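Just below is one structure, and these are the notes that go with it.
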Amino acid sequence: MSTLEAPPDNCKRPADGAGDGDVKKAKLDEDAHSSHPKWTSLNSFKFVKVLREDPQAKSVCIHATSQLKRAADQSDGDAQSAEADAIILLEKTAFDTTDSGISTLLAPDTSLQQHFNNDIYGTYDSLLAPSLNNVKTVIIFPASAKHMEKYASHESHVIYESPEDYQSITLPYIQSSSFEMQWIYNILEKKKESEFIVYEDPDPEKGFVLVPDLKWDRKSLDTLYLSAIVHKHGIKSLRDLTPEHLPLLKNILNTGLEAIEKEYGVPKSKLRAYFHYQPSYYHLHVHFNQVKFTAPGSNVVGAHNLSDVIDNIKLYPDYYQKRTIPFLCKTNAKLYKCYEAAGKI
Ligand code: M7G
């Protein structure tokens, strides 16, 4: 594809250390905002547009705005308030198929409205008791341009990233971007979500924290989804993995699977463990989920099975530095524009 646009600024390799500076700045900017409020309803959000919907998954992702309160200004002591972007992800949850879940469904609280009947057939709308009408809701606020990019619906392309492309396009992009990783540091430092930790190995080299993932409603075992976040900083992704990391990877695979089986009773044979490439957050983490659940990003292009990764590195120590790795990229993504600007698309 011809490229007319100048490369976006964040395709360029920053001066030494500038990437780190961006991460620190993002951290400061985030600290400057008041923390995520505990909303009790959605009525303080102004609807902007639907970013994407998935009738099959029964989910919708909305762009909205809400008032962002900033800490009191030292000069006048008044708290400032400004409109900021929000992303609201709504997803209908799976049915509770335990005996008590089904009994509640069949209780008098469920009322039926008939559409039609014909011979032995009838269709209805069931109006369920509020306790059965749960819609899993994720609110990202204040949402950055990067969040908008991630959640907007855009066409995806497969990009074949050679080792040279990684060095000349992807790595400079990673180093010059900020990825809002504060949530990861909060988990590792036990500032947030510590009450949900399923397992932790505190070892600085081969240790990790295993927590329920944001994508999971934390109820249905059919959609069980956890993430193992490594304690060691500086391993950005699959591309960085070498034999030095084998003890870490084996530890995550073996101990992670055992911990999930112990906590949730889901056997190892019903779980998959994999990396995303490209990840959204360049701090190494592994996705664990139920094999019967088609998790977003578990497809053949984006997912790299952890046990395969271990075997590949055992067979070829520099496998992930030498191979071409395909990845899916949306046309609105900055990384896509970097590849386009380099004449690779
Ligand atoms: P990824 O492969 O970097 O990006 O995985 P993806 O979002 O495109 O999959 C990051 C994983 O971290 C995803 O599965 C997210 O759902 C999960 N995640 C993101 N955030 C912001 C949080 C969070 O605050 N808490 C938890 N527990 N998980 C999160």
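Because the structure is predicted, anything quoted here is derived from the model rather than measured. We count ligands from 1, going down the list as the structure has it; atoms in each ligand are counted the same way. Values below: all heavy atoms of this structure, side chains included; hydrogens, waters and symmetry mates excluded.
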Per-atom contacts of ligand 1 with Pro279, taking only distances under 4.0 Å to non-hydrogen atoms: 2 (O), 3 (O)

Sequence neighbours excluded, which residues qualify as side chain to side chain donor-acceptor pair (under 3.5 Å) partners of Glu164? Ser162

Which residue supplies the protein heavy atom nearest to [atom], what is that atom called, and how far is it?
{"atom": "atom 9 (O) of ligand 1", "result": "Lys215 NZ, 2.8 Å"}
{"atom": "atom 11 (C) of ligand 1", "result": "Asp213 OD2, 3.6 Å"}
{"atom": "atom 5 (O) of ligand 1", "result": "His285 NE2, 2.9 Å"}
{"atom": "atom 28 (N) of ligand 1", "result": "Leu214 N, 3.2 Å"}
{"atom": "atom 2 (O) of ligand 1", "result": "His276 ND1, 2.5 Å"}

Select the closest option to atom 3 (O) of ligand 1 among Ser237, Pro212, Ser280, judged by heavy-atom distance. Ser280

Option of least heavy-atom distance to atom 27 (N) of ligand 1 (set: Arg218, Lys150, Glu193): Glu193

Under 3.5 Å: donor-acceptor pair, side chain of [X], backbone of [Y]:
{"X": "Arg218", "Y": "Pro212", "answer": "yes"}
{"X": "Ser144", "Y": "Lys146", "answer": "yes"}
{"X": "Asp119", "Y": "Tyr121", "answer": "no"}

May I ask you to identify, for [X], whether its side chain, its backbone, both or neither come under 4.0 Å of ligand 1 on a heavy-atom basis?
{"X": "Lys192", "result": "neither"}
{"X": "Tyr225", "result": "side chain"}
{"X": "Trp183", "result": "side chain"}

Would the number of heavy atoms belonging to other residues, nucleotides or ligands and lying under 6.0 Å from CD of Glu155 be above 12? no

In terms of side-chain heavy atoms, does Tyr274 have a donor or acceptor partner in Asn289 at a distance below 3.5 Å? yes

Mind checking whether Ile187 has an N or O less than 3.5 Å away from an N or O of ligand 1? no

Using the benzene-type ring in the case of Trp, are the ring centres of His63 and Tyr151 under 6.0 Å apart? no

Could you check whether any side-chain heavy atom of Lys250 comes within less than 4.5 Å of a side-chain heavy atom of Lys314, counting everything from C-beta outward? yes

